[in-house]
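Scroll down for the structure; my scribbles are underneath it.
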Amino acid sequence: MCLHETEGREVDTYAALSYCWGGDQLVKTTRANILSKKSGIALEGLPQTLQDAVQVCRQLTIRYLWIDALCIIQDDESDKAREISQMSLIYNRATLVIAASRAKSVH
């Protein structure tokens with residue numbers, strides 16, 4: 001599993017995750033770690049909500065999953081502004097939106 005940049009191209013089929021952060025995320029994309037996230041992300045290193053969303057996608061054979069903490073560079077204000085302005089489209093165009101609405105945190 002790794003971070004995949006679409007570079008402006010739309011992905012045909014993807015899921016998006018809606019969930020409660022419950023405070024700052026330990027696992028998130030930053031300018032310092034974006035290259036390593038493109039190389040690989042260990043499933044067991046993700047918080048439980050993210051692991052569960054990945055499992056749902058695997059069971060449904062959905063190849064891509066949009067997770068804000070990973071898909072938005074959290075310490076890049078211009079990336080955050082651009083991505084946040086697109087969030088309604090991101091959720092609207094998703095084949096599936098996974099809503100982890102009962103958990104009080106990502107764990």
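Index from 1, following the sequence.
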Considering non-hydrogen atoms only, spot the tightest contact between [X] and [Y] and give its length.
X: Ile73; Y: Lys80; result: O-CG, 3.5 Å
X: Leu70; Y: Thr29; result: O-OG1, 2.6 Å
X: Met1; Y: Ala42; result: CE-C, 4.4 Å
X: Ala15; Y: Ile98; result: CB-CD1, 4.5 Å
X: Pro47; Y: Val27; result: CD-CG2, 3.9 Å
X: Ser18; Y: Val97; result: CB-CG1, 4.3 Å

### Query
CZ of Arg82: more than 12 outside heavy atoms within 6.0 angstrom?
yes
Between [X] and [Y], is there a donor-acceptor pair closer than 3.5 Å when you use the side chain of the first and the backbone of the second?
X: Gln48; Y: His107; answer: no
X: Asn33; Y: Ser36; answer: no
X: Asp75; Y: Arg31; answer: yes

Could you tell me the separation between the [atom1] atom of [X] and the [atom2] atom of [Y], rounded to the nearest 0.5 Å?
X: His4; Y: Cys71; atom1: NE2; atom2: SG; result: 10.5 Å
X: Thr30; Y: Gln74; atom1: OG1; atom2: CD; result: 9.0 Å
X: Cys57; Y: Leu17; atom1: SG; atom2: CG; result: 8.5 Å
X: Ile62; Y: Tyr14; atom1: CD1; atom2: OH; result: 11.5 Å
X: Leu60; Y: Gln55; atom1: CG; atom2: CD; result: 11.0 Å

### Query
Between Glu83 and Ile90, does a side-chain contact (heavy atoms from CB on, under 4.5 Å) hold up when you go through it step by step?
CA-CA 9 Å; Glu83 293 296 318; Ile90 291 166; 3.9 Å; yes
### Query
Between Gln86 and Tyr91, is a side-chain contact (heavy atoms from CB on, under 4.5 Å) present by the stated rule, with each step listed?
CA-CA 9 Å; Gln86 297 296 310; Tyr91 286 106; over 6 Å; no
### Query
Would Leu46 end up clustered with Leu26 when hydrophobic side chains under 4.5 Å apart are linked, directly or stepwise?
no
### Same apolar cluster: Leu50 and Leu43, side chain cutoff 4.5 Å
yes
#### Entry: Check: Val56 and Leu96 side chains under 4.5 Å, non-hydrogen atoms
yes
### Query
Below 4.5 Å, heavy atoms only, C-beta onward: do Arg93 and Trp66 meet side chain to side chain?
no
### Query
Can Asp68 and Tyr19 be counted as having a side-chain donor-acceptor contact under 3.5 angstrom?
yes
